[in-house]
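For reference, the structure discussed in these notes is given below.
Keep in mind that the numbers below use all heavy atoms, side chains included, and drop hydrogens, waters and symmetry copies. So you know, we letter chains A, B, ... as the sequences are listed, proteins then strands, and number each from 1.
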Amino acid sequence: MKSIGSRLYTEATKAVASLRAGSRRRSAKFRSFVARLSDSITIRLTNRGSHTKPRSLVNRILYIQTLWSIAIFLIAVTGIWWSSTYLIRDNLFERSVQWTTELDELGTPLYASGQKLQMTDIAKRVTASPEIVFVRYYDATGKKILASYHDDPDAEDSAQPLERNQIEALAGTNQANKPYFVDEVSDPGIYRLIAPIWVKSIKSDGLMGFSLEKPGPEQIRVIGYIDVGLDRTRFARVQNNVLLIGSIMIAIIVLVALFAGRQLIMRALAPLSRLKIPLARLAQGETGVEVESVGDEEIVAISQALNTTIKAVNERDEALRKIADHDPLTGLVNRSYFMRELEETLEEASHGDASSALLFIDLDQFKYVNDTVGHGAGDRLLIQVAEALRHRARDYDVIARFGGDEFVVLARDVDQSSAVGVARGLLKVLQDMRFIEDGHSFNIYCSIGITMIHNTRYNVDELLSQADMACFQAKSRGRNRYHMFEISDYDKKALVEDIGWSQRIRDAIDNGEFLLHFQPMVGNQPDDQEFYEVLLRMTDSEGQLVAPSVFFQAAERFGMMVDVDYWVIENSLAVLADYRLDGRDVCFSINLSGHVFEDQALASKIVEALDEHEIPGSAIVFEVTEQSAVRYMDRANSLIQSLQNHGCRFALDDFGTGFSSYGYIKSLPIDYIKISGDFIQDIRHDHVDKVMVKSMVEIAKALGKKIVAENIEDLETLHILQDMGVDYFQGYFFGAPMETLPDWEASRAMVNLKG
Amino acid sequence: MWRMLPACPQKWLTAAVALFMLSACTTAPPEAPRQARSPQKVAIVVSQRAAVFDDVAEQLQQELAGNATRYYLTGKNAADNELAKAVTESSATQVVVIGLPAALWSNQIQRKQIVFCQVFNHQQYRLVSEWRKGVSSVPPAEQLFTKWKTLSPSLRRVVTITGPMHKSLIAHAKNAAAKEGIRLDHMVVRSDKEFRYTFKNRVGKYQGIWLLPDNRVLSRSTMREVMSYSIRHGKQVAVFNPQLLSIGGLISAEPVPEDVAVRVLDRLRKARPGAAIPGPGVVPLGKTRFQINKVLVRQLGLTPSRTPTGNGA
């Protein structure tokens, strides 16, 4: 899991890359970045990694409290029910025993006389007690009912003799414990208790020498049984009443406790609840929120932590904005920021009479300085130039570095003559500047293209294009000068065509209308991998397939090359993933423009794309041109090493055309060298080309690099290159670029053809 | 203090017992045994080792000197049967059995004159025959009523509750009571349960209750209940054992062992060898040992008469 720091860094890198790309779309991406950053922080602060709506802690506590209260209520009611049941059963037993004792005595005449008439007194007694359902007196055998009473006279006849088990249960004559037989089952509405009727006597002659202190055993004889039935429903009603009243009382107590507890919890958690609103605002991306630090220690700690975090986020946000809006080398604003400013100026100009000027500055001697004293010196020159421009410009002018040695200035509120004055001033500043490096002294000149911004129908891209073209005109006219853009300078048709290309490129990027073609790169060894170079194509306005050289100029002019590069990478990987899923161990070689070296997020984006498509880095070779690699030597080195760590390989494309020193090749950690087709196509007839290629091959071999030769169109050329030791071959001889992968075996077979 | 006693029967009883122990025993000295001796050999068989039996046996043995042999029942059939065989085969021509078990045991003895004593329910077991006669276990009713009347001059109505078969005893007692101006009623019950019921429901009109030692209808709980009830209702109870005074008896009347022995010897002496024992089935006793619960006397507000009537011992 990525840390917040690494995530922020990635986001920031993406944002910086976006700014460097300079497109309107990238600018929009940046604007959304801050929102994403806030969202990210908000999500992290509120609910890390959760996509469901978080539950309220306060509600959860109250919910648990309510559940507990219900549980306590149920337990208490159950306890009352259990206790009352136990007590009532106990009471029923005690009452029954009391009744049998009383009835035992009342029934004495019955056993003395044996006459049912004796029952009258008993009936009088029990009638007064409605809890008695029936009373039965049995003889000593338990079979004969001597007398009985029933509160329902009709039911009196249902009396049955005692059962054997009942009599057996009552047979004991232990003086300490008189046995009782309880029957709660036969009739759930009646609690029935049967007790034996005992008579006791002291043993024979026990009264001679009778002693109270030494009680002797007594003889016990069962003379009958009393069967008493109590109305259980009366006791059940009592129990129900107890249960009802008890439940109500407990419910009231629980409700009061619940309410009081709820109030206490609400009061205790009120500071936490108050955090909800600022946190919600924070979650929505508002980082200007301040959380109130009051309440309990824990809440204050949370509030302070939040405030500290918000402050840190704001500071980091500000730092990121600065990084995103500025060129890290010169400190000037970058293309993205400048474009926003330019759009605002254009918007203002469209609503008023005020005009501004856009100045496109290109250093005349930069490449010379780079080649003479190195790129480090070139960077220092750029810093010095930027400082000079900043010093010369007015406070409300905007100066930006667009990349390389290109600078732009937005001079606000100037008319055409003032704009010319600004251009002259800038020229003068640079003319007065001396750049001294490593014992060399350089005069720094520049060419400036000016276009006016007023109530115009051009958009920012078109204005930039106008300024660029004016700058080109200034260079064409001898450099170290300015040139004011005039529509008459250009073929209107060409301008419209250029703008048209930029629009088609944009549409192609947005709608995926580019085409990818694949040309085989056949290895000299039988076990060499299936290998294709990915070539970008698109259709022109008439639907004809055109090569990149046709639209790359417009793409570069309108700052869309990085987007084009990313489109190619993403779509190439998607195609490669499909082939690899089909089981083909295919490798692609993908071209990168030099502009991608300006994108610090390139490596991470490529790695993410590889991971997303589950493609190993070893299946990819990135081709960079010799000129771009040399121009961005440090960044190229860093990027190549970074991606090589993920298995990717690199090829130096169009080798030989840049007239670069071999020393650059030595210092670049590339894997392949692709010799420019310019040296190959006439190698059969041009001895110099043959010698140069041979020289390049030998040097590459000495450096341990693999050699790729392109533009091979016949067998003789192939044999010459094979003899030289070239490792891979590419050209129409092996197969033309096609929309689908060509027949690899057919291409492969060409390597072994004999003349 | 006494005014508090009715509210607290237990304390009252405790105090009554204490005072009773301090009170003078009104027991009269036993009449000296007569000097005439039985010319025959006598076997004395005692139901068990108990003072009430041993005292009589001891008196008899003293009077009969070397002509008497004392035996004790063991309660084990085999041993007791052996004893019966031994006594039957012995030279003793007369047998004195003391207590009901010994009296019942004497059913095994043939062709010997048998006198039983200290047996209350002899009718129940049909102990009286030509060769077997007895001495009453109940002190003379005349002495009891005389003593009681002296103690409670206002005594008019007394009831006694027993099991069945005591008509002659009760008839004699009624006469004795009548001489003292007391009406004695007799109620017959068949169990302790019936005793309690009868007592609670029918003694309300009586001033006194004469408690006879009929084990068939008395249980310990019944006795306690009777005593408790009597105290609560101000009844006077004449009891057969001085221990019952401690739980509410007013006067106890018990036999005097020497008197019992004299009556037994008298019967033995009057019996000719080889003939049936002459005289009634059971002869009455002549002396009574009385004890009075003085605390209860006060509690009941009795004012004893200074001139006793009757022959109390």
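Looking only at atom types and distance, the side chain of A:Asp104 has no donor-acceptor partner in the side chain of A:Tyr111 under 3.5 Å away. Using modelled atom types and a 3.5 Å distance limit, the side chains of B:Arg132 and B:Ser106 yield a donor-acceptor pair.
Neither the backbone nor the side chain of B:Asn201 comes within less than 4.5 Å of any heavy atom in chain A. In this structure, the portion of B:Tyr125 lying under 4.5 Å from any heavy atom of chain A is its side chain and not its backbone. Using a 4.5 Å cut-off between heavy atoms, B:Arg216 contacts chain A through its backbone alone, with no side-chain atom that close.
Checked against the 6.0 Å centroid criterion, the rings of A:Phe235 and A:Tyr191 do not qualify as a close aromatic pair.
Of the residues considered (B:Lys200, B:Gln124, B:Arg196), B:Lys200 shows the highest number of contacts with chain A, using heavy-atom pairs under 4.5 Å. Ranked by non-hydrogen atom pairs under 4.5 Å with chain A, the options B:Leu218, B:Asp214, B:Val52 are led by B:Leu218.
A distance-only check finds no donor-acceptor pair linking the side chain of B:Thr160 to the backbone of B:His186 [under 3.5 Å].
Residue A:Arg221 places its CZ atom among 12 or fewer non-hydrogen atoms of other residues, nucleotides or ligands, all under 6.0 Å distant.
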